[in-house]
Amino acid sequence: MIGGAGIGGLTAALSLHAAGFDDVSVLEAAREIREIGVGVNLPPHAVRELVELGLGEELAAIGWPTSELSYFDRSGHLIWAEPRGMKAGYRWPQYSVHRGRLQQMLLSAVHNRLGAGAVYAGKRIVSVDCTNESSVGIDVIGSTTGEREHWDCDTFVAADGIRSASRSSIVGRETKLASNGWVMYRGATRHTSFLDGHTMVIVGDETLRIVVYALDAETLNWLLVRPMATGESIGDLGNWNKLVDAPSVADYVADWRFSWLDVPQMVRGTLEVYEYPMADIDPLPCWSVNRATLLGDAAHAMYPFGSNGASQAILDARVLAYRLAGARDDVIEGLRLYERDRREPVSAVQLANRRQAGDVMAKVGALVRSNAHDKAQEALKDVERDYKKLAGFDVDTLNQRASWSVRPA
């Protein structure tokens, strides 16, 4: 049983099914799974896993290849750029894709492969009993009836997001969301492409910056972050769906008009802009108890730096299925191996995202302001090289690593 029909939960369902587990079900709190949200970027390590699940053609149909990452200062001058995806030597591309379309692609695959009844919508998990070594008990509330229901399963995977209702039951304590005091705004808007049409840009410094990339030939996705003002309320941590006024957000970048992109015009023309106080959780001391475990944001919610939130959830799902298949007669051992493989590496990515969101950009910004662009280039080059190794997608390691695909018995 999987709790949560997000990107991580649906990928886990597909991975387990591909590994030979036939009785896989997903509980989802929402009554209807709709195409909501904005864009995500999938580096080659995540794309590889979806390709190996047999979803390469479907992903290529909805994704937009990203071939370069470029850093610009607040004046729109290039600091440093590097190739991405297959242009960087990977065997797999890097894609930008609308989160809602990606989720619908995965949901359709689950329905086609596991059956239309594999996903139970409108089932909000409220508690998990993982004290038994032979089964897991799950209490849910049906959104239609409002009544409490009890489900029992052989194994439970909590993939219910940053505000996971399952996490405290599994790790044995409440996990508070942490904020770095920054606010993030996100949007996707109809807009002509910029530069070569396949470049992701990061513009700004440690006081204000924006990330922009294309989702297709006519749509740009952007993410703007700023520090909160003195006395400003943090807001509702973990809530992705608060709509705000686009012109007020455009005011933060009012003078960021470059020859290759008019940033305030792009932001002002966005129909739906979402405000989100940046939040993550501290690395957890454990993910699994008996036959229950955590996956994705429920296990390691992180700041959106490095395009690794959704990607690490996809990797979790693949390793989970790989380890459970390898220890098919011993679920607890399979979960132990999954946690061994994933918890410490992903905890390191969480902490790296905290550092890169603050310290790294402060260093680069200071170098740029002192006209030391060559040193700023080297700093960014070093950071990107080290981050790829940390997150599992430096070129050599990814291209040569053995597959996590499992041939069913």
Side-chain angles (χ1 to χ4, degrees), residues 1-6 8-17 19-29 110 114 117-143 145-175 281 283-301 313 316-344 346 406 409:
M1 183 73 70
I2 298 167
L10 293 173
T11 305
L14 292 168
S15 299
L16 289 165
H17 179 264
F21 295 93
D22 296 325
D23 188 13
V24 179
S25 300
V26 182
L27 302 178
E28 167 56 37
V110 169
L114 282 72
V119 179
Y120 296 82
K123 304 294 183 183
R124 181 170 60 86
I125 297 170
V126 292
S127 66
V128 177
D129 181 2
C130 53
T131 57
N132 194 320
E133 292 187 1
S134 60
S135 65
V136 181
I138 307 162
D139 286 333
V140 307
I141 293 179
S143 62
T145 64
E147 296 180 356
R148 197 178 186 99
E149 306 170 9
H150 183 81
W151 296 58
D152 288 305
C153 61
D154 173 76
T155 308
F156 178 67
V157 180
D160 49 348
I162 187 171
R163 297 201 287 189
S164 169
S166 311
R167 185 167 52 225
S168 60
S169 299
I170 294 172
V171 303
R173 58 178 174 82
E174 291 292 331
T175 303
I281 62 173
L284 297 172
C286 73
W287 288 5
S288 307
V289 173
N290 291 326
R291 290 172 171 263
T293 195
L294 302 171
L295 182 148
D297 280 355
H300 49 70
D316 287 350
R318 296 285 286 157
V319 174
L320 174 72
Y322 177 77
R323 286 305 185 186
L324 284 176
R328 195 174 296 269
D329 296 328
D330 190 344
V331 168
I332 295 175
E333 174 64 7
L335 295 182
R336 185 191 69 80
L337 293 172
Y338 157 67
E339 180 176 334
R340 184 203 66 182
D341 290 350
R342 294 295 297 155
R343 185 172 61 82
E344 289 191 8
V346 182
V406 178

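Here the structure is a predicted model, which is why all the values come from computation and not from measurement.
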Nearest heavy atoms of [X] and [Y], plus distance in Å:
| X | Y | result |
| --- | --- | --- |
| Leu324 | Val331 | CD2-O, 3.8 Å |
| Ser127 | Ser169 | CA-OG, 4.0 Å |
| Ala299 | Ile281 | O-CD1, 3.7 Å |
| His300 | Val346 | CG-CG1, 3.2 Å |
| Ala313 | Gly8 | CB-CA, 3.9 Å |
| Val26 | Gly4 | CG1-O, 3.6 Å |

Atom [atom1] in [X], atom [atom2] in [Y]: separation rounded to 0.5 Å?
| X | Y | atom1 | atom2 | value |
| --- | --- | --- | --- | --- |
| Leu114 | Leu10 | CG | CG | 10.0 Å |
| Cys286 | Arg336 | SG | CZ | 14.0 Å |
| Asp129 | Ile138 | CG | CD1 | 10.0 Å |
| Asp341 | Leu320 | CG | CG | 10.5 Å |
| Arg318 | Thr11 | CZ | OG1 | 9.5 Å |
| Leu27 | Ile2 | CG | CD1 | 9.5 Å |

Which residues share a salt bridge (charged side-chain N to carboxylate O under 4.0 Å, His left out) with [X], sequence neighbours left out:
| X | answer |
| --- | --- |
| Arg148 | Asp139 |
| Asp23 | none |
| Arg124 | none |
| Glu149 | Lys123 |

Can you list every pair that meets salt bridge (charged side-chain N to carboxylate O under 4.0 Å, His left out) and has a residue in residues 156-172, with sequence neighbours left out?
Arg163-Asp236
The criterion is side chain to side chain donor-acceptor pair (under 3.5 Å); which residues satisfy it with [X], sequence neighbours excluded?
| X | value |
| --- | --- |
| Ser15 | none |
| Asn290 | none |
| Thr293 | Ser288 |

Taking only residues two or more places apart in sequence, or in another chain, which ones meet [X] in a side chain to side chain contact (heavy atoms under 4.5 Å, CB included)?
| X | answer |
| --- | --- |
| Ala292 | Cys130, Val136, Phe156, Ile170 |
| Asp330 | Ile332, Glu333 |
| Asp297 | Ile162, Ala301 |
| Ala325 | Ala19, Phe21, Arg328, Val406 |

In terms of the angle between their ring planes, are Tyr338 and Trp287 parallel, tilted or perpendicular, with boundaries placed at 30° and 60°?
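Plane angle between 30° and 60°, so tilted.
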